[in-house]
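Worksheet for the structure shown next.
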Number of protein chains: 2
Amino acid sequence: MKISELAKQSSVPAPTIKYYIREGLLPEGTRTAPTQAEYDESHMRRLRVIRALIESGVSIAETRRMVETLDDPPAQPHLLLGAAHAAVTPPVDETLDLTAAARLAAGLGWEPEKCDDAVLCGVARALQGLEKAGFSVPDEVMPVYLESIRRIADAEIAGVPTDSVESAVSYVVLGSVLAEPLLLALRRVAQQVSSAERFSGPAS
Amino acid sequence: MKISELAKQSSVPAPTIKYYIREGLLPEGTRTAPTQAEYDESHMRRLRVIRALIESGVSIAETRRMVETLDDPPAQPHLLLGAAHAAVTPPVDETLDLTAAARLAAGLGWEPEKCDDAVLCGVARALQGLEKAGFSVPDEVMPVYLESIRRIADAEIAGVPTDSVESAVSYVVLGSVLAEPLLLALRRVAQQVSSAERFSGPAS
DNA sequence: CTATAATGGATAGCGATACTATCTAAGTCA
DNA sequence: TGACTTAGATAGTATCGCTATCCATTATAG
């Protein structure tokens, strides 16, 4: 398969494919001559993953780290999630106060060393954002967040496929990011349903 | 309070504040002369909301729609959430197939007319993204998503403050967007905790 | 076996976004 | 009076994710 055919089948323009190769998102084709290369199904699949990530709002740099993790995952399973999260998480901010985040995380079963600091920083940043806007999660709501999120994460981790290493890696790495838009979209639907039920519209 | 003081107290540069006024995110100060204006606490609060939204990844245009909703909310409470969601949701895509999304939404208690199409389109887009990447949510996981998300939404809607209209509006509008980073960050922590418990690290 | 077209590689340009800098005329304040 | 600030306008900047154009090389159709 030449680049033009890859472009047509994926409906990604050929110059964009070249760009992804330049940026290290997509491996080069196998060279058949100094100015010729051949692409195969693996390029097709990888290209679809790249597009899905980019369309989910993942940047080029983050996507590169994601596919590097897919291609070269850590040997131990307990390091895989951390690697996937590291690909899409800004580096730790030392100036951030992690105490509130740690207190929250404790409600998820967190203990130091069970989870890396970068991810905890994410919680701290989110809390800071809420606080700066003068918004606070009600005391009755936060426990529900923790409990429900924990339930979601448990189901996701329990669902890690065991048939092959590759499928487990792909599930963990892609699922940690690609499921986010789905969860947020489902939340909006659920909010509207719940709101409709509570404020049962007098309509007209 | 003059613009320079507003800038100093909010640590947002004065030119940026001018830019927000130009873009309609922040109302003008009250004019004391043709080239002078006075800002007050309401500008300060609004500015903090704007920064929180923008730092959560909301664009200028979406932020403008959000603050317009805050300033001029729909009269009926059951329309408020829809207005808030509309501010940050792309317009409905007619070419999208909503059947899979509707089936999922049914698991949240959705019925036609309980929730607008734009939000359902969001679910459809998310599903499409997953599918294009060759990723699928395991059959055991999806029900947990639906159940847990519904629980979250119910708690959030039950937590709508009833003391004043303004606080209800601010809670619903800001909460629908600003809580997203928190939920995603908590999910990452929970995933790492759950993963650590399942693949209890044999370490080195 | 030449003419046309496509390829890989490199470089430069584009359009959108979120600012940022500069200028001017008008106004404040010591 | 005179240094400083302001609003408003315009233009410039940095980043991002492409996109367009070039070139020498190479497949391929007639």
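Letters A, B, ... mirror the listed sequences (proteins, then strands); counts begin at 1.
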Integer-rounded Å distance: [N] [atom2] and [X] [atom1]:
X	N	atom1	atom2	result
E23(B)	dA7(D)	CD	P	17 Å
M1(B)	dT6(D)	CE	C1'	16 Å
E55(B)	dT17(C)	CD	C1'	16 Å

For V144(B), does its backbone N or O pair with a side-chain atom of S148(B) as donor and acceptor, under 3.5 Å? yes

Ignoring hydrogens and geometry beyond distance, is a side-chain donor-acceptor pair present between S170(A) and S167(A) at under 3.5 Å? no

When V119(B), L108(B), I152(B) are each screened for side-chain contact (heavy atoms from CB on, under 4.5 Å) with L186(A), the one that passes is L108(B)

Going by ring-ring contact (aromatic ring centres under 6.0 Å, His included), name the pairs with one or both residues in residues 139-158 of chain B, residues two or more places apart or in two chains. none

ring-ring contact (aromatic ring centres under 6.0 Å, His included) contacts in which one or both residues fall within residues 147-195 of chain A, not counting sequence neighbours: Y171(A)-F135(B)

Sequence-distant partners of Y39(B), ring pair (Phe, Tyr, Trp, His ring centres under 6.0 Å), two or more places apart: H43(B)

Kindly indicate whether the side chain of L53(A), heavy atoms from C-beta on, has any atom under 4.5 Å from the side chain of V88(A). no

Between protein and nucleotides 13-17 of chain D, what N or O pairs are separated by less than 3.5 Å?
unit_1, atom_1, unit_2, atom_2, d
dG17(D), OP2, I60(A), N, 3.4

Partner set under side chain to side chain contact (heavy atoms under 4.5 Å, CB included) for A105(A), not counting sequence neighbours: W110(A), L120(A), V189(B)

Look for any protein N or O under 3.5 Å of an N or O in nucleotides 5-12 of chain C and output each such pair with its distance, or none.
unit_1, atom_1, unit_2, atom_2, d
dT7(C), OP1, S4(A), N, 3.3
dT7(C), OP1, S4(A), OG, 2.7
dT7(C), O4', Q36(A), NE2, 3.3
dG8(C), OP1, A37(A), N, 3.4
dG8(C), OP1, A37(A), O, 3.4
dG8(C), OP1, Y39(A), OH, 3.2
dG8(C), N7, K18(A), NZ, 3.0
dG9(C), OP1, R31(A), NH1, 2.5

